[in-house]
Amino acid sequence: MTGRILSGKTLLVTGAAKRLGRAIALAAAENGADVAITFRESEREARALTEELARLGVEALAIRCDVTDEQSVREMVKEVGSGFGGIDVLVNNAANYETADFEKITVAQWDAIFASNTRGPFLVSREALPYLKKRRGHIINMGSLGGLRPWATHAHYCSSKSAVHMLTKVMAKALAPEIAVNAVAPGMIDLGEKSAAAFMKKMSKQTPMRRNGTASDIAAAVMFFASAPHFITGQILAVDGGLGL
Ligand SMILES: NC(=O)c1ccc[n+]([C@@H]2O[C@H](COP(=O)([O-])OP(=O)(O)OC[C@H]3O[C@@H](n4cnc5c(N)ncnc54)[C@H](OP(=O)(O)O)[C@@H]3O)[C@@H](O)[C@H]2O)c1
């Protein structure tokens, strides 16, 4: 992506100390946005990332937040709003992923996945609304191919992401015309984990594009929605190399 398409904008990404959130934060800074990231346990990585973001010539903030905790979300959004004077783009990225046989999923596991993956994006969006409305902003939810296709050993995760897709559509309608709301649904993304190498190889062969996705594929899709016309709203964009077809 070239040019500084987000120059003068502020972007908030939850759970962005590492992996996809980190790539999204860096892409936004490269595009000129001031970036606030949140972290829960990865403080060291979050601090290092803010230094990296600042070196790109933008303002950067890192704030601890548990997206399952209403008070924590409220305080974090307030801190970003006052630190940056507003929020133009919210990326609901923080989530949890877990593999479990259907009959072994406990109520606690089910509720924990929904609390972070579904209630989290709802809570952060609700609290950020006044700022986003003022700026006629964008919300981008991170969905999943697992919210579009059933994965047998991920009933709670798939259901939580499917709910995020519906939440995206409901919010797009409820928050129009001030705020555009869309979702990016990543497919198989290779983040270089050695333990996943054999599985990744197998998946790349099953993918029409003959490779797995990269963090920059996902960041590019998020940058598209972050800078897209408001007329594009309520969309779920699978970024999966055709795997879901
Ligand atoms: N990676 C993939 O292949 C893939 C595929 C499909 C969809 N996605 C979606 O894309 C997004 C990013 O994926 P990812 O793999 O980079 O995510 P991830 O590493 O699983 O999680 C991102 C961050 O979420 C934070 N988090 C978890 N629970 C939290 C809570 N209760 N409060 C606040 N933060 C919390 C963690 O922060 P701390 O480390 O600071 O605790 C974690 O670093 C997620 O929504 C994911 O579901 C990813």
Side-chain angles (χ1 to χ4, degrees), residues 12-27 36-50 62-77 90-99 109 111-125 127 139-149 151 154 156-165 167-168 182-193 195-197 199-200 203-204 207 211-222 225 236-241 243-244:
L12 164 60
V13 202
T14 61
K18 304 188 283 197
R19 296 164 55 90
L20 295 184
R22 180 176 188 277
I24 292 163
L26 283 167
I37 61 166
T38 78
F39 63 91
R40 189 185 47 167
E41 285 167 8
S42 306
E43 178 164 13
R44 191 172 46 80
E45 292 90 341
R47 302 278 172 225
L49 178 58
T50 51
I63 302 167
R64 187 186 300 277
C65 175
D66 179 348
V67 300
T68 68
D69 179 337
E70 194 170 28
Q71 193 56 30
S72 172
V73 169
R74 205 166 269 161
E75 285 166 10
M76 177 277 288
V77 169
L90 164 64
V91 184
N92 283 310
N93 174 76
N96 289 286
Y97 177 79
E98 189 178 56
T99 303
Q109 279 175 299
D111 287 351
I113 286 283
F114 267 76
S116 60
N117 295 11
T118 310
R119 203 181 68 198
F122 156 70
L123 265 184
V124 181
S125 302
E127 292 304 313
I139 297 174
I140 301 150
N141 292 324
M142 294 304 291
S144 175
L145 184 59
L148 297 167
R149 296 284 174 272
W151 296 342
H154 299 82
H156 50 350
Y157 171 82
C158 288
S159 303
S160 74
K161 288 296 186 176
S162 183
V164 167
H165 295 168
L167 179 66
T168 301
N182 293 287
V184 172
M188 212 46 63
I189 308 302
D190 192 347
L191 295 170
E193 281 165 85
S195 58
F199 178 65
M200 285 292 166
M203 292 314 296
S204 68
T207 301
R211 67 170 178 88
N212 295 304
T214 63
S216 67
D217 289 326
I218 301 305
V222 174
F225 280 136
I236 317 298
L237 179 61
V239 181
D240 68 350
L243 182 62

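Since the structure is predicted, the reported quantities are computational estimates derived from the model, not experimental observations. Note that ligands are numbered from 1 as they come in the structure, with each ligand's atoms numbered from 1 the same way.
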Atoms of ligand 1 close to M142 [distance to a heavy atom under 4.0 angstrom, numbered from 1]: 10 (O), 11 (C), 45 (O)
Considering only the protein, which heavy-atom contact is closest to atom 37 (O) of ligand 1, and what is its distance? R40 N, 4.0 Å
of all protein heavy atoms, closest to atom 39 (O) of ligand 1 is S42 OG, 2.5 Å
In S159, S144, S160, the residue satisfying side chain to side chain donor-acceptor pair (under 3.5 Å) with N117 is S160
Nearest protein heavy atom to atom 11 (C) of ligand 1: under 4.0 Å? yes
Non-hydrogen atoms of M142 and P186 that approach each other most closely: CE-CG, 3.8 Å
At their closest point, which heavy atom of G244 faces which heavy atom of R149, and how far apart are they? O-NH2, 2.6 Å
When you compare the side chains of N93 and T14, does any donor N or O come within less than 3.5 Å of an acceptor on the partner? no
If you take the nearest heavy atom of each of A95, G147, A112, S116, which one is closest to atom 27 (C) of ligand 1? A95
Could you identify the single nearest non-hydrogen protein atom to atom 14 (P) of ligand 1 and state the distance to 0.1 Å? R19 NE, 3.8 Å
Please write down residue, atom name and distance for the protein heavy atom closest to atom 5 (C) of ligand 1. G187 O, 3.5 Å
Below 3.5 angstrom, do we get any N/O pair linking D66 and ligand 1? yes
At a 4.0 Å cut-off, with the gap strictly under it, does some heavy atom of G213 reach an atom of ligand 1? no
So the atoms of ligand 1 within less than 4.0 Å of a heavy atom of T68 turn out to be 31 (N)
G187 to D240 - nearest heavy-atom pair and separation: CA-CB, 3.8 Å
Identify, by atom number and element, the atoms of ligand 1 in contact range of F39, meaning under 4.0 Å from any of its heavy atoms. 40 (O)
Return a yes/no value for G21: is any of its N or O atoms, backbone included, closer than 3.5 angstrom to an N or O of ligand 1? no
To the nearest 0.5 Å, atom NZ of K18 lies from atom CD of E41 at 8.0 Å
Criterion side chain to side chain donor-acceptor pair (under 3.5 Å) against N141, the qualifying member of N182, T118, T168: T168
Rounded at 0.5 Å granularity, tell me how far CE in M76 sits from SG in C65. 4.0 Å
Evaluate the ring planes of Y97 and W151, with Trp represented by its six-membered ring, and classify them as parallel (under 30°), tilted (30 to 60°) or perpendicular (over 60°). perpendicular
Applying salt bridge (charged side-chain N to carboxylate O under 4.0 Å, His left out) to E45 and R19, what does each step give before you reach the verdict? CA-CA 10 Å; E45 292 90 341; R19 296 164 55 90; over 6 Å; no
Could you tell me which residues satisfy side chain to side chain donor-acceptor pair (under 3.5 Å) with T214, sequence neighbours excluded, listed by chain and number? S216, D217
Any G146 heavy atom less than 4.0 Å to ligand 1: no
Work out which heavy atom in I236 is nearest to a heavy atom in A185; give both atom names and the distance. CG2-CB, 4.1 Å
Decide whether the shortest distance between a heavy atom of K161 and an atom of ligand 1 is less than 4.0 Å. yes
Verify whether one side chain among H156 and Q109 offers a donor that lies under 3.5 Å from an acceptor in the other. no
Numbering as shown, the atoms of ligand 1 that approach A94 to under 4.0 Å (heavy-atom distance): 24 (O), 25 (C), 26 (N), 34 (N), 35 (C)
For atom 43 (O) of ligand 1, state which one of K18, R22, E45 supplies the nearest heavy atom. K18
When you measure from atom 9 (C) of ligand 1 to every protein heavy atom, which one gives the shortest distance, and what is it? G143 O, 3.8 Å
Any nitrogen or oxygen of E41, side chain or backbone, less than 3.5 Å from one on ligand 1? yes
Exercise: identify the closest heavy-atom pair between A46 and F39: CB-CD2, 3.5 Å
Looking at G15, C65, P186, the heavy atom closest to atom 33 (C) of ligand 1 belongs to C65
May I ask you to identify the nearest protein heavy atom to atom 32 (N) of ligand 1, giving residue, atom name and distance to one decimal place in Å? V67 N, 2.9 Å
Residue, atom and distance of the protein heavy atom nearest atom 3 (O) of ligand 1 read I189 CB, 3.4 Å
Taking atom 44 (C) of ligand 1 as the reference point, the nearest protein heavy atom with its distance: N93 O, 3.1 Å
Is L20 in polar range of ligand 1, meaning some N or O pair under 3.5 Å apart? yes
Taking only heavy atoms of N96, which atoms of ligand 1 are found under 4.0 Å from at least one of them? 27 (C), 28 (N)
